[in-house]
Protein chains: 2
Amino acid sequence: MITIKEIANMLNVSTTTVSNVIHGKTKEVSPANVERIRKVLDEYDYMPNINARNLASNRSKIIGMVVKVNGKENPFKDQFFGELLGAVEDRVRSRGYNLMVYALNDVRQVQKFILSWNMDGLVTCGFVEGEISYLQERYKKPIVIIDDYDTNDLERCINIRLEDKKAAYEMTKYVIGCGHKKIAFLADNNVNLDHQRFLGYCQAMDEAGLFGSEENFLKICPGNRGEKNNLDELYEKSFAYTAIICSSDYYAAMLLNTFQDRGRKIPDDISITGFDDVEYASLVRPALTTVRQDIQEKGLVAVDMLVKMLEENPKDMETLVVLPTQMVIRDSVKRING
Amino acid sequence: MITIKEIANMLNVSTTTVSNVIHGKTKEVSPANVERIRKVLDEYDYMPNINARNLASNRSKIIGMVVKVNGKENPFKDQFFGELLGAVEDRVRSRGYNLMVYALNDVRQVQKFILSWNMDGLVTCGFVEGEISYLQERYKKPIVIIDDYDTNDLERCINIRLEDKKAAYEMTKYVIGCGHKKIAFLADNNVNLDHQRFLGYCQAMDEAGLFGSEENFLKICPGNRGEKNNLDELYEKSFAYTAIICSSDYYAAMLLNTFQDRGRKIPDDISITGFDDVEYASLVRPALTTVRQDIQEKGLVAVDMLVKMLEENPKDMETLVVLPTQMVIRDSVKRING
DNA sequence: TTGTAAGCGTTATCAT
DNA sequence: ATGATAACGCTTACAA
């Protein structure tokens with residue numbers, strides 16, 4: 001690999017001049033030299049040594065994507081994260097940055113990597129308040145936080161979310177409108193965005209004079225490697241309901257499966273709804289009635305906001321983006337008599 | 001961020017001594033100094049500047065993962081790539097490296113990134129012969145090639161594949177054993193691993209005295225953004241068969257869907273098999289009879305082999321890993337009368 | 001328009 | 001056991 005210095009020597013010019021040509025600052029260089037240097041650059045297929053460049057210029061052109069991993073699972077098995085990552089990668093690259101990916105559960109490790117590499121910015125997903133602010137105190141560059149509700153108005157931080165509460169509210173209202181009264185809500189926890197969705201569910205239930213409380217919150221265990229889901233328990237509990245609002249397509253599909261295997265007909269015996277509208281939401285049978293979010297868009301917006309902060313550093317930048325959702329009605333909810 | 005030089009000054013020692021402590025070369029440093037330096041390192045939460053380190057030591061501790069993207073699709077939407085990426089990330093990190101991810105279709109771009117960053121090694125997926133050898137000529141470091149059949153015995157390259165032909169052979173044999181005679185093979189192309197699977201199909205057909213030829217190769221169009229699948233055409237053609245061996249779960253699920261929507265019963269009217277055993281293979285209905293591969297393992301092995309080359313540089317290293325597959329019999333194939 | 005030279009934070013060689 | 005010091009390849013004042 002040829003270096004700037006070598007080219008400068010070859011052509012009897014200074015490294016500054018070569019550097020200027022490389023960076024397109026051709027106004028500062030005589031046309032003749034521009035020509036000569038460009039030719040050599042091309043001929044020898046010059047590639048900058050990015051480590052040297054980063055060291056000298058004190059930036060890195062690296063954007064880190066850090067997703068929190070709970071337990072031992074591979075987060076990118078989940079189509080949501082896969083699609084998000086792909087969108088982020090695409091936009092990061094087309095904006096001239098490079099993407100480093102980490103799936104971690106320890107925020108101290110995150111800190112180590114981003115500081116050591118002097119990353120220009122960060123996209124995080126799945127981390128919560130305490131973790132984010134820990135990072136934010138030590139890392140003085142922009143952070144985009146995807147899908148968190150507890151981190152608000154932190155300096156240099158941008159939040160990207162959905163209308164989670166509203167979406168769950170609408171879905172629940174739709175199910176109620178189909179004649180259901182005994183409706184449960186299912187998630188693997190009741191914090192952050194799952195909590196917001198639960199609140200939406202509760203609101204719709206309350207408005208309809210039904211009973212939206214924790215009593216009807218069904219907690220599903222994530223079922224990591226080795227660890228079993230609590231599907232038996234959920235199966236038993238499900239008999240108390242005619243519909244279950246799930247906080248993800250993933251769990252909805254799991255219920256669909258389990259229940260049908262044990263002989264309950266869906267939606268005839270019980271209705272089930274999902275959230276996200278990942279690809280297999282329309283592949284399972286019955287196809288899931290669900291809430292669509294545009295994951296691709298989430299990733300693109302995340303990077304765009306980050307790069308905007310990085311390159312324009314606008315003073316009055318909006319610090320929160322709430323993306324819209326959309327009901328997708330398929331076949332997993334039955335219209336029943338009141 | 002505190003630097004080595006600053007620490008050295010504070011303690012009136014040389015940067016060499018500090019550096020030695022940082023790297024655990026405590027034999028070369030007096031216990032008293034080890035103690036003093038460690039304390040400061042800890043107190044000031046020293047983080048190395050990796051760009052400086054890389055520049056000085058001429059390595060990068062970066063492993064690149066490059067997946068070829070055809071058309072405009074986001075490859076990580078496909079659970080196969082998502083899971084592979086997650087496995088690679090996990091192992092890369094635990095081996096002390098960092099992962100940079102690129103989804104590209106132009107091999108010249110790949111070259112630019114890996115050379116500029118001085119990456120230590122590469123994991124590629126989806127690239128084919130000409131592209132790989134182009135890279136290999138310019139990039140003098142190890143490359144792991146996943147799922148390619150046309151690149152063999154290139155220096156510094158390791159191939160990782162499945163028993164694709166054998167797996168397809170066994171699947172076809174199973175379907176024949178269920179009494180089917182009119183069996184098609186479906187893929188989106190007939191090169192590389194899809195071709196191997198097609199060969200396995202043909203072999204089983206031939207052995208059974210049936211007709212395994214291109215005539216029974218059904219080509220499905222990938223259906224990228226905007227572009228439509230040729231499902232109408234495939235639906236019509238399917239009436240000539242009682243079973244279709246698909247080269248991926250993805251397409252199998254798509255057929256399941258389309259055919260059922262148009263009123264054909266599966267497996268009663270036509271049997272369908274998949275390949276990969278991604279998660280939704282067991283979520284669709286009927287659950288797919290398919291060939292299981294261990295994607296997680298594929299990723300782990302890829303990184304292990306790469307790191308082994310990097311750190312041990314063994315002379316007699318095996319250059320090909322063929323991972324096993326496994327038949328998974330579910331509900332999408334019907335046993336019929338000969 | 002061009003060149004000089006300091007500096008980025010490490011590593012590593014070679015003395016002492 | 002410890003320390004000078006050059007080197008890594010680039011950017012960027014500043015000088016000419």
Side-chain angles (χ1 to χ4, degrees), chain A residues 1-38 40-41 44-62 96 98 112-120, chain B residues 1-38 40-41 44-62 96 98 112-120:
Chain A
M1 298 240 302
I2 199 167
T3 68
I4 287 187
K5 194 191 270 183
E6 287 166 349
I7 295 179
N9 287 341
M10 278 172 62
L11 261 36
N12 276 313
V13 296
S14 73
T15 58
T16 310
T17 306
V18 178
S19 177
N20 278 333
V21 172
I22 288 169
H23 289 93
K25 301 181 186 170
T26 48
K27 294 172 198 161
E28 333 232 305
V29 183
S30 70
N33 269 340
V34 171
E35 174 86 3
R36 293 199 313 143
I37 292 170
R38 282 221 172 116
V40 175
L41 247 24
Y44 287 81
D45 211 6
Y46 169 79
M47 309 263 172
N49 178 322
I50 299 202
N51 285 304
R53 178 180 287 177
N54 290 347
L55 180 59
S57 61
N58 190 34
R59 47 157 187 57
S60 67
K61 288 284 178 178
I62 297 175
N98 301 270
K112 194 183 88 187
F113 291 125
I114 60 182
L115 290 180
S116 281
W117 282 101
N118 193 21
M119 294 185 187
D120 288 343
Chain B
M1 297 243 300
I2 199 167
T3 68
I4 287 186
K5 195 190 267 184
E6 286 166 351
I7 296 178
N9 286 342
M10 277 172 63
L11 262 35
N12 276 312
V13 296
S14 72
T15 60
T16 310
T17 305
V18 177
S19 177
N20 277 334
V21 172
I22 288 170
H23 289 91
K25 300 181 185 170
T26 47
K27 292 172 199 163
E28 332 231 307
V29 183
S30 70
N33 269 340
V34 171
E35 174 84 2
R36 293 196 317 142
I37 293 169
R38 282 221 172 114
V40 175
L41 247 24
Y44 288 81
D45 210 6
Y46 169 79
M47 308 266 171
N49 178 321
I50 300 201
N51 285 304
R53 179 179 284 178
N54 290 347
L55 179 58
S57 61
N58 191 34
R59 49 156 185 57
S60 66
K61 288 283 178 180
I62 297 175
N98 302 270
K112 193 183 88 187
F113 291 124
I114 59 183
L115 290 180
S116 282
W117 282 101
N118 193 20
M119 294 187 189
D120 288 342

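The structure displayed is predicted, hence computed values, not measured ones. A note on names: the letters A, B, ... follow the listed sequences, proteins ahead of strands, and every chain is numbered from 1.
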Less than 4.0 angstrom between a side-chain N/O of [X] and OP1 or OP2 of [N], yes or no?
{"X": "A:Thr15", "N": "C:dT4", "value": "no"}
{"X": "A:Arg53", "N": "D:dT11", "value": "yes"}
{"X": "B:Ser30", "N": "D:dT2", "value": "yes"}
{"X": "A:Tyr46", "N": "D:dC10", "value": "yes"}
{"X": "A:Ser57", "N": "D:dT11", "value": "no"}

Have a look at B:Asn12 and say if it touches a base, only the backbone sugar-phosphate, or nothing, with a 4.0 Å heavy-atom cut-off.
->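 Counting heavy atoms under 4.0 Å across all strands, the contact made by B:Asn12 is with sugar-phosphate only.
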Could you check how far [atom1] of [X] sits from [atom2] of [N], rounded to whole Å?
{"X": "A:Lys5", "N": "C:dT4", "atom1": "NZ", "atom2": "P", "value": "13 Å"}
{"X": "B:Lys27", "N": "D:dT2", "atom1": "NZ", "atom2": "P", "value": "16 Å"}
{"X": "B:Asn33", "N": "D:dT2", "atom1": "CG", "atom2": "C1'", "value": "9 Å"}
{"X": "B:Ile7", "N": "D:dT2", "atom1": "CD1", "atom2": "P", "value": "16 Å"}
{"X": "B:Met47", "N": "C:dT10", "atom1": "CE", "atom2": "P", "value": "12 Å"}
{"X": "A:Asn20", "N": "D:dT12", "atom1": "CG", "atom2": "C1'", "value": "10 Å"}
{"X": "A:Asn58", "N": "D:dT12", "atom1": "CG", "atom2": "C1'", "value": "13 Å"}
{"X": "B:His23", "N": "C:dG9", "atom1": "NE2", "atom2": "P", "value": "16 Å"}

Are any of the side-chain heavy atoms of B:Phe113 and B:Ile62 separated by less than 4.5 Å?
->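 Heavy-atom side-chain distance check fails, nothing below 4.5 Å.
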Candidate list A:Val40, A:Asn9, A:Ile37, test side-chain contact (heavy atoms from CB on, under 4.5 Å), partner A:Val18, passing option =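 Single pass found, and it is A:Ile37.
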Residue pair A:Asn118, B:Asn49: steps toward the side chain to side chain donor-acceptor pair (under 3.5 Å) verdict | CA-CA 7 Å; A:Asn118 193 21; B:Asn49 178 321; over 6 Å; no
Are the side chain of A:Asn98 and the backbone N or O of A:Lys61 linked by a donor-acceptor pair below 3.5 Å?
->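 Checked: pair present.
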Classify the side chain of B:Thr3 and the base of C:dT10 as holding, or not holding, a donor-acceptor pair under 3.5 Å.
->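 Not at all, since no donor on one side and acceptor on the other fall under 3.5 Å apart.
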Polar pair under 3.5 Å, donor/acceptor by atom type, side chain B:Ser19, base C:dA12 |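 A donor-acceptor contact between them is absent.
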Working to the nearest 0.5 Å, report the span between CG of A:Asn58 and CG of A:Asp120.
->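 Here the interatomic distance stands at 9.0 Å.
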More 5' along DNA chain D: A:Ile22 or B:Ala52, using each one's nearest nucleotide?
->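 So the residue in question is B:Ala52.
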From the list D:dA13, D:dT5, D:dT11, which nucleotide is the closest neighbour of the side chain of B:Thr16?
->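 Nearest to the side-chain atoms of B:Thr16, counting from C-beta on, is D:dT5.
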